[in-house]
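Here is the structure we will look at, set down as structure tokens.
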Amino acid sequence: MTSDNARAVRFDRYGGRDVLYIAEIPMPTPGPGQVVVEVRAAGINPGEAAIRSGAMHEMFPATFPSGEGSDLAGVVIAVGPGVTEFSVGDEVLGFSWDRSSHATHAAVPVGQLIRKPSAMSWPVAGSLYVVGVTAYAAVRAVAPQPDETVAVSAAAGGVGSIAVQLLVRNGARVVGIAGQANADWLRAHGVTPVEYGDALAERLRVASLDGIDAFIDLFGPEYVQLAVDLGVAPERINTIIAMQKAAEVGAKSEGSAEASTPEVLTEIADLVVTGAVDFDIAATFPLERVADAFEVLEQRHTHGKIVLLPTNS
């Protein structure tokens with residue numbers, strides 16, 4: 001890579017992890033209201049794997065060659081016309097809506113960035129956006145009240161692990177649906193664990209005592225239907241993944257799009273850096289091993305974020 005070029009993850013067709021490769025691209029230049037960030041860390045997310053496979057073509061079609069990635073953190077190396085919010089050398093975290101963060105450099109609008117807390121590590125900062133604001137939106141959508149019972153599917157995953165902690169902070173009684181391997185983590189964070197699988201409805205009834213007031217689905221349509229079957233009012237059900245099922249039953253489907261603001265991201269970052277919310281990193285990979293990173297992600301049993309380190313490895 002020369003000083004005039006950056007490196008970025010690309011794919012030229014839908015497919016498995018084997019379609020991913022690293023390309024040299026022209027160094028981004030900042031437009032009005034943008035800065036160029038030298039990316040120190042960039043989280044990977046299930047939605048990116050779904051886009052790459054073509055599973056989300058109808059909702060989020062790719063234009064080839066396609067980049068990928070939303071989460072990022074890094075150092076500002078150039079500022080565009082009209083930018084007063086940041087200067088060269090500032091450490092920032094935030095997000096790209098251009099599928100461009102899995103790269104050594106990315107041009108990002110200043111409204112999608114906040115200052116990185118100095119005490120926050122690069123891997124945490126670079127993987128906070130998607131899961132943080134999605135969890136925030138999902139919790140806000142079901143409007144938990146103190147002493148209400150809220151059930152969460154995929155409760156120990158990236159979004160779920162933050163959502164359950166936000167719910168506990170709000171005073172809710174939280175029932176977390178997850179595998180047995182994550183039961184101890186959930187208990188340690190004030191959550192009643194319930195193992196997924198056969199007879200789940202009965203286990204939830206036992207765990208919830210007086211019934212379930214709200215339900216956050218982070219896995220799939222079967223959990224939206226389960227919430228309805230358990231008597232949860234549709235307006236107190238939110239899913240971030242089963243949009244069609246939500247429309248069928250009248251549930252909500254609020255996620256990152258409803259909470260992607262600097263204010264929300266700042267609030268989440270403050271909770272994490274002060275230790276009020278635990279945020280775990282499972283593994284880090286150099287950019288060249290992006291396919292290996294997604295292999296770990298797609299096993300769907302990893303607790304904590306998986307992060308690329310494009311210029312910090």
Note to self: If I compare all heavy atoms of E298 with all of R17, which pair ends up nearest, and what's the gap?
What the structure shows: OE1-NH1, 2.9 Å
Checklist line | Salt-bridge contact R10-E68 (side-chain N to carboxylate O under 4.0 Å) | finding: no
Next item on the list: Tell me, yes or no, whether the heavy-atom count around D18 atom CG, taken from other residues, nucleotides or ligands under 6.0 Å, exceeds 12.
Entry: yes
Note to self: Does any part of the side chain of E48, heavy atoms only, come nearer than 4.5 Å to the side chain of R99, both counted from C-beta?
What the structure shows: no
Margin query: Has Q225 got a side-chain atom pairing as donor or acceptor with P221's backbone, closer than 3.5 angstrom?
Written below: no
Notebook entry, point to check: Quick one: CD1 on I114 to CZ on F86, what's the gap to the nearest 0.5 Å?
Noted result: 8.0 Å
Checklist line | Exercise: do R7 and T104 side chains pair donor with acceptor under 3.5 Å | finding: no
Notebook entry, point to check: Do you know which of L113, V108, V75 makes side-chain contact (heavy atoms from CB on, under 4.5 Å) with V92?
Noted result: L113
Margin query: Could you check whether any side-chain N or O of E58 sits under 3.5 Å from a backbone N or O of M56, counting only pairs where one atom can act as donor and the other as acceptor?
Written below: no
Margin query: Whether the side chain of T134 engages the backbone of V131 through a donor-acceptor N/O pair (distance < 3.5 Å, no angle test) should be reported.
Written below: no
Notebook entry, point to check: Under a 4.5 Å side-chain heavy-atom rule over Ile, Leu, Val, Met, Phe, Trp and Tyr, are Y129 and I281 clustered together?
Noted result: yes
Note to self: In the structure I gave you, are the side-chain heavy atoms of I240 and D217 within less than 4.5 Å of one another anywhere?
What the structure shows: no
Check: Atom OG1 of T239 and atom OH of Y223: how far apart are they, to the nearest 0.5 Å?
Finding: 11.5 Å
Item checked: Hydrophobic cluster membership, V139 vs L218, 4.5 Å side-chain cutoff -> yes
Notebook entry, point to check: Would you say S127's side chain and G43's backbone share a donor-acceptor pair under 3.5 angstrom?
Noted result: no
Notebook entry, point to check: Would you call R236-E148 a salt bridge at under 4.0 Å N-O?
Noted result: yes
Item checked: Closest heavy-atom pair and its distance - V79, V88 -> CG1-N, 4.3 Å
Check: Ring centres of Y14 and F64 under 6.0 Å apart?
Finding: yes
Next item on the list: Treating Ile, Leu, Val, Met, Phe, Trp and Tyr as nodes and any side-chain heavy-atom pair under 4.5 angstrom as an edge, say whether V272 and V159 lie in one connected cluster.
Entry: yes
Next item on the list: Determine whether F11 and I25 fall in the same hydrophobic cluster, where Ile, Leu, Val, Met, Phe, Trp and Tyr are linked whenever their side-chain heavy atoms lie under 4.5 Å apart.
Entry: no
Check: What pair of heavy atoms forms the shortest contact from A259 to V264, and how long is it?
Finding: O-CB, 3.4 Å
Note to self: Measuring from atom CG of N45 to atom CG of D71, what distance do you get when rounded to the nearest 0.5 angstrom?
What the structure shows: 5.0 Å
Check: Which atoms form the tightest heavy-atom contact between I306 and A282, and what is the distance?
Finding: CG1-CB, 4.4 Å
Next item on the list: Keeping the roles fixed (side chain from S96, backbone from D98), state whether a donor-acceptor pair exists under 3.5 Å.
Entry: yes
Notebook entry, point to check: W185 versus S161: any side-chain heavy-atom pair under 4.5 Å?
Noted result: yes
Note to self: Test side chain to side chain contact (heavy atoms under 4.5 Å, CB included) on E267 and D270; report intermediate values, then the result.
What the structure shows: CA-CA 5 Å; E267 183 175 343; D270 287 345; 5.8 Å; no
Notebook entry, point to check: Are side-chain heavy atoms of E288 and V290 found at a separation under 4.5 Å?
Noted result: no
Notebook entry, point to check: Is a salt bridge present between R115 and D90, judged by a nitrogen-to-oxygen distance below 4.0 Å?
Noted result: yes
Checklist line | pair V9-L287: side-chain heavy atoms closer than 4.5 Å | finding: yes
Notebook entry, point to check: Do D292 and E295 come close enough that some side-chain heavy atom pair is under 4.5 Å?
Noted result: yes
Next item on the list: Determine whether I177 and V232 fall in the same hydrophobic cluster, where Ile, Leu, Val, Met, Phe, Trp and Tyr are linked whenever their side-chain heavy atoms lie under 4.5 Å apart.
Entry: yes
Margin query: Determine whether a donor-acceptor pair (N or O, by modelled atom type, separation under 3.5 Å) exists between the side chain of K252 and the backbone of I237.
Written below: no
Item checked: Within-4.5 Å side-chain heavy-atom neighbours: V37 and L72 -> yes
Note to self: Quick check with a 6.0 Å cut-off and a 45 degree axis cone: is R52 positioned over the face of F294's six-membered ring?
What the structure shows: yes
Item checked: Distance in Å, L167 CG paired with I162 CD1, rounded so as to fall on 0.5 Å steps -> 12.0 Å
Next item on the list: Please report the C-alpha distance between L200 and L226 in whole Å, then the side-chain angles of each, then the deciding distance to 0.1 Å, and finally whether the side chain to side chain contact (heavy atoms under 4.5 Å, CB included) criterion is met.
Entry: CA-CA 9 Å; L200 173 59; L226 174 62; 3.6 Å; yes
Next item on the list: Classify the ring geometry between W97 and F95 as parallel (under 30°), tilted (30 to 60°) or perpendicular (over 60°).
Entry: tilted
Margin query: Which heavy atom of S70 sits nearest to which heavy atom of S101, and what is that distance?
Written below: N-OG, 3.0 Å
Check: When you measure from the side chain of Q34 to the backbone N and O of G31, does any donor-acceptor pair fall under 3.5 Å?
Finding: yes
Item checked: Least distance between heavy atoms, A242 atom then V224 atom -> CB-CG2, 4.2 Å
Note to self: Has K116 got a side-chain atom pairing as donor or acceptor with M120's backbone, closer than 3.5 angstrom?
What the structure shows: yes
Item checked: R169 CZ to H189 NE2 distance, which is reported to the nearest 0.5 Å -> 12.5 Å
Check: Is there a side chain to side chain contact (heavy atoms under 4.5 Å, CB included) between L166 and L271 once you walk through the steps?
Finding: CA-CA 10 Å; L166 295 178; L271 290 171; 3.8 Å; yes
Item checked: Student check: side-chain heavy atoms of L230 and L204 closer than 4.5 Å -> yes
Next item on the list: Give the intermediate values and the outcome of salt bridge (charged side-chain N to carboxylate O under 4.0 Å, His left out) for residues K245 and E222.
Entry: CA-CA 9 Å; K245 187 64 177 180; E222 63 270 31; over 6 Å; no
Notebook entry, point to check: CZ of F285 to CG of L308: how many Å apart, nearest 0.5 Å?
Noted result: 8.5 Å
Checklist line | Heavy atoms from other residues, nucleotides or ligands near OH of Y21 exceed 12 (cutoff 6.0 Å) | finding: yes
Next item on the list: Examine distances only and state if a side-chain atom of R203 and a backbone atom of E195 form a donor-acceptor pair shorter than 3.5 Å.
Entry: yes
Checklist line | H303 side chain to A156 backbone, donor-acceptor under 3.5 Å | finding: yes
Notebook entry, point to check: Looking only at side chains, do S260 and S256 share a donor and an acceptor under 3.5 Å apart?
Noted result: no
Note to self: Under the criterion side chain to side chain contact (heavy atoms under 4.5 Å, CB included), I'd like the reasoning laid out for V76 against V36: C-alpha separation, chi angles, the key distance, then a yes or no.
What the structure shows: CA-CA 6 Å; V76 174; V36 173; over 6 Å; no
